[in-house]
Amino acid sequence: MPKKDLVIVESPAKAKTIGKFLGSEYEVKSSFGHIRDLPKKGLNIDIEHDFEPHYELNPDKKKVVAGLKKSAKAANTVWLASDEDREGEAIAWHLCKALGLNPSTTKRIVFHEITKTAIDHAIENPRTVDIKLVDAQQARRILDRLVGYELSPILWRKVRSGLSAGRVQSVAVRLCVDREREIKDFKAKTFYKLTANFSVAKKHQEFPAEFNKSIDNHDQAKHFIEAVKNSTYQVESVIKKPGFRSPPPPFTTSTLQQEAFRRLGYGVRQTMSLAQKLYENGHISYIRTDSTLMSLDHLNESAEYITKTYGEKYHHRRQYRTKNTSAQEAHEAIQPSKVNKLDCGSNNQEKRLYQLIWQRTMASQMSPAKVEKTEVAISISRHPEKFMAKGEILKFDGFLKVSGNIKDDTLLPPLATGNKLDLKQMKAIESFTRPPARYSEATLVRKLEELSIGRPSTYAPTISTIQSRGYIEKKDIAGIERPIKIIVLEKGKLSEQATTIVTGTDRSKLVPTLLAEIINDFLTKYFSDIVDYDFTADIEKDFDRIADGAIKWPIMIKKFYKQFHPLVTKSAKVKREEVTQARTLGLDPKTKLPIMVRFGRFGPVLQRGSTDNEKKPDFAPLPKDTDMESVTLKQAVEMFKLPRVVGKTEKGEEITANIGRFGPYIQVGKTFVSIKDLDLHVITEAEARELYQEKLEQLSKKIIKDFGNGIKILNGPYGPYITDGKKNVPIPKTDQPVTLTAQTAKTMLEKAPARKPFRRHRARAKAKSRNK
DNA sequence: CAGTGAGCGAGCTTCCGCTTGACTT
């Protein structure tokens, strides 16, 4: 058998397609991304010796590399065809190291599109590994390791074990914290929106118009409406102008994530896993890209499809430049593999995502939509200002034909200068200015991309990390109801209404936790450069200079470390109290020890006494409805009185009162009774006895049957159920609970599925397996 | 959507970027 040539690419799906183009003389294999890296445990950078990195074979890539090694030995020639960017070049270099190839002679090829011509062209024009570009990647890698692995341990010691900080994630968190504070500090201003409905005299076609000046307050609005009450209205001018709307460029990773969230409600992680499936099944091109370029084949196929399906006038050939200057353009835009396939995907979610990609790609090669805009100015006889009415008619749909969100025309009746108008109704509605918007997963990705922070392959993981570390929570926010006033003028009569509107409602938004604020305040104080929004963009310039050969990577890293590391040393000496934003409330009257509030391992906590003393301090949770800023000494002193001995039951058992995870309760032995209406600090023995008695009665009713061995039939709020203490099985209505035997109860329990653990535990377990 | 009412002590955690599966839930 003749020897084959070996081509190594990064992605197995890519290997498959290229294999088809190249034929049987070539074996095409994949490295599955990076194969060597700094070991997870420890810094593995020799700071004393020019920051020399110690790489190891990725533990989960041993098999892959062994396979590649075997093929490389048997091959005539090895072609390194990893992506043409910094990371791809590094992969090629690491492949040389791992496979025992000489980097200065091994053939290195690149191609931007997966087509026969592109690949043939690449094979005819090989080069060797660009070591300067590899060095730029090494500098990037080493800097990230230094920052991440020197900052995180400070957080473990000062705040909580297991925390993390890094060049990308800490800025992502900062964006959310800064935004949340802007929202908190935002003072909503009220203003009045003034609108009117007119009709052409004696005709009945009504149309809306808006007053062209803003009105600040109720008095102004009322004053204005009173002043114009007996006015006449007339069309002063009608201006028609043509306008057009152009289609957006084809998808990159970031814009796909945004649009999938906006149109389909998918989270970024979900979008990526659906897209991955579409990619693996050959339906779409590569999904982690920052490029909006389309391949020539795609351009031609789209041209043919659009012309044939919609007609010549719908086609408009375009090649989009990538806006982002830091884009590395190793891939194409995300596009369908076959333009004439309208339906791809193995489930509904995939199908909808595919459709979105197909529409966006197709739209990008279609004509702009043409509209005619009409602006009508309406004069007021008793006032110098005007009302404006706007209409828009779609003259030609163009790309809107496929993008599926054709806006309804806003039609105006035929109007001409001088037309007299009847006022049907005038309305001034009190409104509020809005604070800046909270980030969603998708808009945070857009912001990161805008700041050149992170890469297409890391957007989704970064969003996951900041959530699993407890920095950010994805939340729905309930709005607040506000009273508003509406002033109405109708048939010459002025009236006022009071009603309410809800403002500030938010769905699935990223909200920083108190932990995030604590960490962010510490980092911005001691490491302002690292969490600066421009930090990544600035060091990217240095990486570019390394790639150009203008500087050597150890020089750049040394310069960075010289100013970075002293900050690490300095911040390590900062007192824990400062980092956790401790605030002394005053002295405890009983023990004369100071009481403070600070951010503890599990969140805000009250502390009595100091860690410097021989006697260890006491801890207590914060009372409900207080926070670190608002809690008072008086409230804190009460908390340290817990658990409080309330008295004894008739039988002489001790009754205590305390606050637990689910609020205040009293306890007798192992029986807990929630307190709802009474204050646990003042509840009397008699009241407590009564509560306990009620609970006992309730419990006695609860047990329908006791089979022993912990197996019982209990009466729950949702009907009778069987329990063994671990699992609960509801009893169907057809069965009489009293007639069940121990044996049937047992089998029912065995058949039932295991009880779901608490959500919190599940999230934690997930995060663990993800990060391993 | 029931019921529930922690925390002991040793050694571990962590970064960003490139790729997919092999695992649970």
Side-chain angles (χ1 to χ4, degrees), chain A residues 9-15 30-38 40-45 58 60-61 64 82-83 85-91 94 137 140-157 160-170 273 276-277 279-280 286-288 328 330 453-459 461-462 465 469 536 600-602 619 643 656 658-667 670-674 702 714-721 723 725-726 728 730 753-759 761-763 765-766 768-772:
Chain A
V9 295
E10 291 181 38
S11 148
K14 203 168 168 181
S30 144
S31 76
F32 292 81
H34 275 294
I35 50 151
R36 292 206 320 164
D37 190 15
L38 301 169
K40 246 174 90 87
K41 179 138 183 54
L43 199 60
N44 293 289
I45 296 165
N58 236 326
D60 54 348
K61 294 286 169 58
V64 174
S82 47
D83 298 344
D85 58 16
R86 205 161 63 201
E87 299 296 328
E89 205 64 24
I91 289 174
H94 280 298
Q137 191 275 347
R140 198 280 305 152
R141 179 69 189 94
I142 289 161
L143 184 136
D144 281 337
R145 172 55 68 94
L146 288 170
V147 170
Y149 274 36
E150 292 208 356
L151 285 185
S152 301
I154 303 177
L155 303 181
W156 304 343
R157 289 197 298 271
R160 183 191 296 175
S161 145
L163 293 175
S164 64
R167 172 176 62 80
V168 172
Q169 59 169 284
S170 295
S273 88
Q276 178 74 24
K277 284 276 171 301
Y279 167 65
E280 283 169 13
Y286 192 62
I287 61 166
R288 285 173 278 266
Q328 306 194 4
I453 298 171
R455 305 278 314 129
S457 66
T458 59
Y459 295 139
T462 301
T465 300
R469 293 275 179 277
T536 293
R601 269 202 299 166
F602 307 108
F619 297 97
T656 54
N658 204 351
I659 296 178
R661 279 203 287 168
F662 314 105
Y665 65 95
I666 56 165
Q667 183 178 9
K670 281 189 171 176
T671 308
F672 298 86
V673 191
S674 290
K702 207 176 113 179
L714 300 178
N715 204 2
Y718 303 94
Y721 65 97
T723 181
K726 285 177 194 154
N728 297 334
R755 190 172 71 154
K756 281 185 200 162
F758 283 121
R759 200 178 234 166
H761 295 170
R762 220 164 51 196
K766 232 179 190 172
K768 236 182 183 171
S769 70
R770 222 178 9 246
N771 295 328
K772 77 164 190 280

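Here is the naming used below: chain letters follow the sequence lines, and residue numbers restart at 1 for every chain.
The interatomic distance linking A:Asp144 (CG) with B:dG17 (P) rounds to 6 Å, in whole Å. Distance A:Glu150 CD to B:dC16 P: 15 Å, rounded to the nearest Å. Atom CG of A:Leu38 and atom C1' of B:dT14 are 13 Å apart (whole Å). Between A:Asp37 atom CG and B:dC18 atom P there is a gap of 12 Å when expressed in whole angstrom units. Atom P of nucleotide B:dA6 and atom CG of A:Asn658 are separated by 8 Å, given to the nearest angstrom. One interatomic measurement links the two molecules: CZ of A:Arg86 to P of B:dC18, which rounds to 8 Å at whole-angstrom precision. One atom, CD of A:Glu10, and another, P of B:dT20, lie 9 Å apart when rounded to the nearest Å. Taking atom OH of residue A:Tyr279 and atom P of nucleotide B:dT19, one finds them 8 Å apart after rounding to whole Å.
For A:Gln137, no side-chain nitrogen or oxygen approaches OP1 or OP2 of B:dG17 to under 4.0 Å. Contact between the side-chain N/O atoms of A:Ser11 and the OP1/OP2 oxygens of B:dT19 is not found at any separation under 4.0 Å. Not one side-chain nitrogen or oxygen of A:Ser30 sits closer than 4.0 Å to the OP1 or OP2 atom of B:dT19. Checking the phosphate oxygens (OP1, OP2) of B:dG17, no side-chain nitrogen or oxygen of A:Arg140 falls inside 4.0 Å. Checking the phosphate oxygens (OP1, OP2) of B:dT20, a side-chain nitrogen or oxygen of A:Gln276 falls inside 4.0 Å. For the OP1/OP2 pair of B:dT19 and a distance below 4.0 Å, the side-chain nitrogens and oxygens of A:Arg36 include no atom meeting the criterion. Contact annotation: A:Ser152 side-chain N/O to B:dC15 OP1/OP2 distance is not under 4.0 Å.
With B:dG17, B:dT19, B:dC18 as the candidates, the nucleotide lying closest to the side chain of A:Asp85 is B:dC18. Between B:dC18, B:dC16, B:dG9, one nucleotide has an atom nearer to the side chain of A:Arg601 than all others, and that is B:dG9. Closest to the side chain of A:Ser457, from the set B:dG17, B:dT20, B:dC16, is B:dG17.
The shortest heavy-atom contact between A:Val64 and A:Ser31 is CG1-O, 3.9 Å. Contact record, A:Arg145 with A:Leu43: NH1-O, 3.3 Å, taken as the closest heavy-atom pair. Scanning all heavy atoms of the two residues, the minimum distance from A:Gly148 to A:Pro153 falls at O-CD, 4.3 Å.
DNA chain B is contacted by both A:Arg288 and A:Ser164; A:Ser164 maps to the nucleotide lying nearer its 5′ end (nearest heavy atom per residue).
Contact annotation for A:Val147: no contact, since no heavy-atom pair falls under 4.0 Å across all strands. Contacts of A:Phe619 with the nucleic acid, taken as non-hydrogen atoms under 4.0 Å apart, are absent. Using a 4.0 Å heavy-atom distance criterion, A:Gly600 is classed as making no nucleic acid contact. Using a 4.0 Å heavy-atom cutoff across all strands shown, A:Gly166 reaches sugar-phosphate atoms only and no base atom. At the heavy-atom level, A:Ala13 lies nowhere under 4.0 Å from the strands shown. Nucleic acid contact class of A:Asp83 (heavy atoms, under 4.0 Å, all strands): sugar-phosphate only. Across all strands, A:Pro12 comes closer than 4.0 Å only to sugar-phosphate atoms, never to a base (heavy-atom distances). Among the protein residues, A:Arg141 comes within range of the nucleic acid bases, having at least one heavy atom under 4.0 Å from a base atom. Residue contacts for A:Gly88: at a heavy-atom cut-off of 4.0 Å it reaches no nucleic acid atom on any strand shown. Among the protein residues, A:Gln667 comes within range of no part of the nucleic acid, since none of its heavy atoms lies under 4.0 Å from any strand.
Side-chain contact check for A:Gln137 versus A:Glu89: every heavy-atom pair is 4.5 Å or farther apart.
Formation of a donor-acceptor pair under 3.5 Å by the A:Thr458 side chain with backbone atoms of A:Gly454 is not found in this model. Within the 3.5 Å criterion, the main-chain N or O of A:Ile142 finds no donor-acceptor partner in the side chain of A:Asp144.
Note on A:Lys14 versus A:Asp83: salt bridge recorded, some NZ/NE/NH1/NH2 to OD/OE distance being below 4.0 Å.
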Please list each protein N or O that sits under 3.5 Å from an N or O in nucleotides 11-13 of chain B, with the distance.
unit_1 : atom_1 : unit_2   : atom_2 : d
B:dT13 : O2     : A:Ser161 : OG     : 2.9
B:dT13 : O2     : A:Gly162 : N      : 2.3

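No more than 12 heavy atoms of other residues, nucleotides or ligands sit less than 6.0 Å from atom NZ of A:Lys277.
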What's the verdict on salt bridge (charged side-chain N to carboxylate O under 4.0 Å, His left out) for A:Arg455 and A:Glu87, showing C-alpha distance, side-chain angles and the deciding distance? CA-CA 11 Å; A:Arg455 305 278 314 129; A:Glu87 299 296 328; over 6 Å; no
Residues A:Arg469, A:Ser164; criterion side chain to side chain donor-acceptor pair (under 3.5 Å); working and verdict: CA-CA 7 Å; A:Arg469 293 275 179 277; A:Ser164 64; 2.6 Å; yes
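The base of B:dC18 does not come close enough to the side chain of A:Arg455 for any donor and acceptor atom to sit less than 3.5 Å apart.
Under the stacking criterion of a centre-to-centre distance below 5.5 angstrom and an interplanar angle below 30°, A:Tyr149 sits stacked against the six-membered ring of B:dT14.
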